[in-house]
Amino acid sequence: MREVIESLVSQALRSAVEGGRLVLPELPDPAVERPRDPSHGDWATSVALRSAKAAGMNPRQVAQILSDEMSSHPDIDAVEIAGPGFINLRVSANALQRVLREVHERGAGFGRIDLGKGARVQVEFVSANPVGPMHVGHGRWAALGDSMARVLEHAGYSVQREFYVNDAGVQMDTFAKSVAARYLELCGREVDFGEDWYRGAYITDIAREIFDAEGDAWADVASADRESHFKETAYVQVLEHLKHVLHGMGVDFDVWFSERTLHASVDGSSEVEKTIEALRSAGHIYEKDDATWFASMPFGDDKDRVLKKADGSYTYFAADIAYHKDKFDRGFDRVIDIWGADHHGYVKRMEAAVAALGHPGKLDVVIGQLVNLFRDGEVVRMSKRTGEMVTFEDLLDEVGPDAARYFFLRRSTDQPLDFDIGLAKQQSNENPVYYVQYAHARICSILRKAAGADTSDETVDISATIASLVTDEAPLDLLASDPELALMRKLAEFPEVVEVAATQLAPAKLTRYAEDLAASFHQFYTLCRVVDPGKPELTSARLYAADATRIALAGVLALVGVGAPERM
RNA sequence: GCGCCCUUAGCUCAGUGGAUAGAGCGUCCGGCUACGAACCGGGAGGCCGCAGGUUCGAAUCCUGCAGGGCGCACCA
């Protein structure tokens with residue numbers, strides 16, 4: 001619809017200029033927008049205001065000329081000049097009714113657009129260290145990344161979800177030492193527990209599993225052997241656990257990428273080394289103070305960065321550059337990283353590295369702010385030192401995946417989120433996830449009612465009956481009252497919401513739209529009796545509209561990653 | 001000290017140059033002998049942190065200031 005309006009405005013501009021009624025150095029952008037106030041119509045353009053100065057007239061005069069030039073269009077009922085010089089356009093009821101047909105025709109594909117034109121995009125998210133449970137922030141980034149992937153797919157991109165496993169480095173060693181120490185305790189040995197080791201109860205749980213399975217066989221071997229064995233068994237356990245928890249909220253990754261593969265030697269050198277050599281031959285590497293440096297400042301970083309330390313080992317950043325090189329080597333047109341807010345200081349150097357690798361502008365780093373946990377208004381205190389914390393798994397168990405995912409997406413990404421466990425569990429009008437799901441269940445109930453089914457009997461399959469009731473033969477021109485038009489207008493917005501959410505990488509737009517659509521339906525329901533035995537034609541048309549709303553609600557909830565229940 | 005993010009109704013937040021700044025919650029009033037009241041309608045409630053600037057027009061862009069959060073390693 002936007003295209004129709006834009007071309008209408010553009011044509012009016014062109015014909016006014018060509019006819020000499022408007023003198024402009026160049027044709028301005030049609031600048032079509034949806035007015036905030038519905039009484040201003042469906043679409044508006046401020047082009048008259050923008051070009052008044054260049055035309056040497058006052059804005060309302062320009063608007064008058066343009067509206068005179070606007071040819072009549074079957075989808076436009078009215079063209080009005082308002083305020084300081086806006087041109088407001090009203091879409092015809094007929095055009096809105098056609099949206100209902102489109103929804104039924106496209107089904108779950110309603111709102112699918114071709115913004116991405118099949119471009120390959122990778123979304124990397126969560127990437128929690130495999131040395132312990134995920135915290136609540138990881139849960140938010142999981143919801144965010146997965147939903148972003150879903151939206152991008154709906155917008156015509158080919159999307160891959162990836163989890164970067166930091167399975168190399170000192171934290172893994174610390175992890176192994178911690179588990180080994182707890183294991184030795186279980187074997188009855190005295191141990192010195194390191195100051196900076198992991199103290200969470202889960203460490204002991206993992207040690208106990210090993211102890212139960214293998215007894216004290218590892219108690220008297222060299223500590224290096226013990227730790228290396230424990231590192232492998234324990235980290236695989238944690239990784240499986242992460243997969244399990246994420247799967248439980250509907251998040252499944254296509255690729256689990258191991259950091260170790262970047263350090264492994266292939267044909268005499270590792271990916272990390274090859275990456276540094278690639279940067280070196282491009283002139284971005286120098287040696288200083290026995291270390292190897294990446295000249296990142298020319299690419300906008302605050303200072304140059306060390307890749308290979310004086311002791312011969314590589315920095316985390318070096319591996320991360322090799323990782324991003326690998327991503328682009330795999331042929332992605334675009335790479336999106338979702339990082340926690342505590343890593344935002346890292347963005348500039350990563351962007352610099354990607355540019356130096358020859359892929360400027362192809363990396364988008366989305367910074368996900370943290371989550372503050374509340375329970376019925378009280379802050380939930382957590383301490384990493386004592387290992388006392390509410391993990392993401394705890395949260396999922398308590399509030400369920402639907403409420404968790406929905407709440408995580410209700411705030412914009414760059415905004416810290418206050419998550420109230422009590423509220424998320426509450427099945428009341430304060431809980432927006434139920435508001436939306438209720439609208440869906442309500443529609444299903446209406447359809448069951450219309451089918452004349454015994455609504456208490458859940459075993460009877462009435463989908464065939466419903467299908468016969470919801471028919472393209474329905475006289476949609478009967479749908480012309482305000483709540484009916486408002487509902488159809490809201491349905492028509494769905495493809496635009498997908499476009500904005502995909503363009504801005506902002507899945508939070510989806511929950512807002514879902515609530516708006518649910519509200520439009522509830523208003524329609526309150527004012528328009530759907531099933532009315534005395535008015536079979538009107539009933540038929542309204543069932544068609546209700547079912548279209550059901551399809552769209554299920555569609556937007558699917559992008560959020562939340563279920564659309566038929567009963568609740 | 002430097003960098004990034006944030007500051008909008010009592011609370012939690014939408015609003016990335018347009019018209020009288022919106023929503024939910026809370027509060028007050030009203031609506032079920034009709035399809036799900038987990039719903040709907042209405043009222044009250046705002047120097048959009050402060051001060052300048054840019055322009056036809058600024059919550060939105062620029063500069064400065066104040067307040068809050070997070071970062072500033074040859075750590076990961």
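Numbers restart at 1 for each chain; the letters A, B, ... are given by sequence-line order, proteins then strands.
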* Of the candidate nucleotides rC35(B), rC39(B), rC56(B), which contains the atom at the shortest distance from the side chain of Tyr435(A)? -> rC39(B)

* **salt_bridge(Arg34(A), Glu496(A)) N-O dist < 4.0 Å** => yes

* Could you check whether Phe86(A) and the base of rA19(B) form a stacked pair, meaning centres closer than 5.5 Å and planes differing by less than 30°? => yes

* For Phe163(A), enumerate each residue passing the ring-ring contact (aromatic ring centres under 6.0 Å, His included) test, keeping only those at least two apart in sequence or located in another chain. => Phe253(A), Trp256(A)

* Go through rG36(B), rG17(B), rA19(B) for me and flag the one nearest to the Tyr438(A) side chain. => rG36(B)

* Asked: Going by ring centres under 5.5 Å and near-parallel planes (under 30°), is Tyr525(A) stacked on rC35(B)?
  -> yes

* To do: Nearest whole angstrom, please: distance from the C1' of rC35(B) to the NE2 of His522(A).
  => 14 Å

* Asked: Can you name the residues that form a side chain to side chain contact (heavy atoms under 4.5 Å, CB included) with Tyr525(A), not counting sequence neighbours?
  -> Arg442(A), Ile446(A), Phe521(A)

* Plane angle bin for His284(A) and Phe294(A) - parallel if under 30°, tilted between 30 and 60°, otherwise perpendicular -> perpendicular

* To do: Specify the residue among Arg529(A) and Ala341(A) whose closest nucleotide of RNA chain B lies further upstream toward the 5′ end.
  => Arg529(A)

* To do: Go through the structure and list residues passing side chain to side chain contact (heavy atoms under 4.5 Å, CB included) with Ala310(A), not counting sequence neighbours.
  => Asp290(A)

* Structure fact -> Asn88(A) atom CG is separated from rG18(B) atom P, nearest whole Å, by 14 Å

* To do: Would you mind telling me which residue lines up with the more 5' stretch of RNA chain B, Glu515(A) or Arg512(A), judged by nearest nucleotide?
  => Arg512(A)

* Structure fact -> Considering only heavy side-chain atoms of Ser46(A), the closest of rG18(B), rC39(B), rA19(B) is rG18(B)

Write down the protein N/O and nucleotide N/O pairs, taken from nucleotides 74-76 of chain B, whose separation is under 3.5 Å; answer none if there are no such pairs.
residue : atom : partner   : partner atom : Å
rC74(B) : OP2  : Lys303(A) : NZ           : 3.3
rC74(B) : O2   : Ala310(A) : N            : 2.7
rC74(B) : N4   : Asp289(A) : O            : 3.0
rC75(B) : OP2  : Lys309(A) : NZ           : 2.8
rA76(B) : OP1  : Lys309(A) : NZ           : 3.2
rA76(B) : OP2  : Tyr316(A) : N            : 3.2
rA76(B) : O2'  : Gln171(A) : OE1          : 2.4

* **Residues Lys490(A), Glu493(A): salt bridge by 4.0 Å N-O rule** => yes

* To do: Give a yes or no answer on whether the side chain of Thr45(A) reaches the backbone of Asn88(A) with a donor-acceptor pair at less than 3.5 Å.
  => no

* Return the value, rounded to whole Å, for the distance between atom CZ of Arg34(A) and atom P of rG15(B). => 17 Å

* To do: Give a yes/no on whether any side-chain N or O of Arg36(A) is located under 4.0 angstrom from OP1 or OP2 of rA19(B).
  => yes

* To do: Please confirm whether the backbone N or O of Arg260(A) pairs with a side-chain atom of Asp167(A), one donor and one acceptor, at under 3.5 Å?
  => yes

* Arg305(A) to Trp293(A) six-membered ring, cation-pi geometry met (6.0 Å, 45°) -> no

* Counting Watson-Crick and G-U wobble pairs only, both distances under 3.5 Å, name the nucleotide matched with rA38(B), or none. => none

What's touching nucleotides 4-7 of chain B from the protein side, N or O pairs under 3.5 Å?
residue : atom : partner   : partner atom : Å
rC4(B)  : O2   : His344(A) : NE2          : 3.4

* **salt_bridge(Arg542(A), Glu484(A)) N-O dist < 4.0 Å** => yes

* To do: Treat primed atoms plus P, OP1 and OP2 as sugar-phosphate and everything else as base, then score nucleotides 28-33 of chain B 5' to 3': B for base contact with protein heavy atoms under 4.0 Å, S for sugar-phosphate contact only, - for none.
  => ------

* Structure fact -> Scanning both residues in full, the closest heavy-atom pair of Gly132(A) with Tyr202(A) reads CA-CE1, 3.3 Å

* To do: Look at the side chain of Ser178(A) and the backbone N and O of Trp197(A), then say whether any donor-acceptor pair between them is shorter than 3.5 Å.
  => no

